[in-house]
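Numbers here are sequence positions counted from 1.
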Amino acid sequence: MSASPQAEPTITVKFFASLRERLGTDELTAPLSAGATVADLIGTLAEQGTPWDSLKGDRPLLVAVNQAMVKPSHPLKPGDEVALFPPVTGG
């Protein structure tokens, strides 16, 4: 009997508004480390260099996980859909 390979746990990350334009993509699939949070995900993405480093700007991103707004400390689990929005400006 042979063991079947296990798929690496992943999450789907979606980018909206100016983030989508700046990053040149509207969606990606990312590997998920055990115990990772939204802040960990953003930090990992930002480490990819320009333009991804703009994700760690002065103003925090708005984040939804599975269509519910969350804080950076929110834990992630395999299969989650994470939506990242640019900060909202007043006017």
>> Evaluate I11 against V65 for side chain to side chain contact (heavy atoms under 4.5 Å, CB included), listing each step before the verdict.
In response: CA-CA 10 Å; I11 57 174; V65 174; over 6 Å; no

> Is L76 close to L41 at the side-chain level, that is, under 4.5 Å between some pair of heavy atoms?
Replying inline: yes

> Sequence neighbours excluded, which residues qualify as side chain to side chain donor-acceptor pair (under 3.5 Å) partners of T37?
Replying inline: D40

> Under the side-chain contact (heavy atoms from CB on, under 4.5 Å) test, which residues partner P51, sequence neighbours left out?
Replying inline: R22, L23

> Taking the side chain as C-beta and beyond, is there a heavy-atom pair between P87 and L61 under 4.5 Å?
Replying inline: yes

> Residues in side chain to side chain donor-acceptor pair (under 3.5 Å) with D26, at least two apart?
Replying inline: none

> How would you list, by chain and number, every residue that makes a side-chain contact (heavy atoms from CB on, under 4.5 Å) with P31, sequence neighbours excluded?
Replying inline: E8

>> Tell me every residue that passes salt bridge (Lys or Arg N to Asp or Glu O under 4.0 Å) with E81, counting only those two or more places apart in sequence or in another chain.
In response: K14

>> Quick one, L19 and L55 - any side-chain contact, counting heavy atoms below 4.5 Å?
In response: yes

> Tell me, which pairs form a ring-ring contact (aromatic ring centres under 6.0 Å, His included) where one or both residues lie in residues 11-33, sequence neighbours left out?
Replying inline: F15-W52, F16-F85

>> For L62 versus P86, what's the shortest heavy-atom pair and its separation?
In response: CD1-O, 3.9 Å

>> Quick test of your reading: applying salt bridge (charged side-chain N to carboxylate O under 4.0 Å, His left out), list the pairs with at least one residue in residues 42-56, sequence neighbours left out, ordered by first then second residue.
In response: none

> For residues 64-77, which residue pairs qualify under side chain to side chain donor-acceptor pair (under 3.5 Å), counting only residues two or more places apart or in two chains?
Replying inline: N66-D80, K77-D80

>> Suppose the criterion is ring-ring contact (aromatic ring centres under 6.0 Å, His included): which pairs have a residue in residues 17-40, not counting sequence neighbours?
In response: none

>> Starting from L28, can I reach V82 by hopping between I/L/V/M/F/W/Y residues whose side chains sit under 4.5 Å apart?
In response: yes

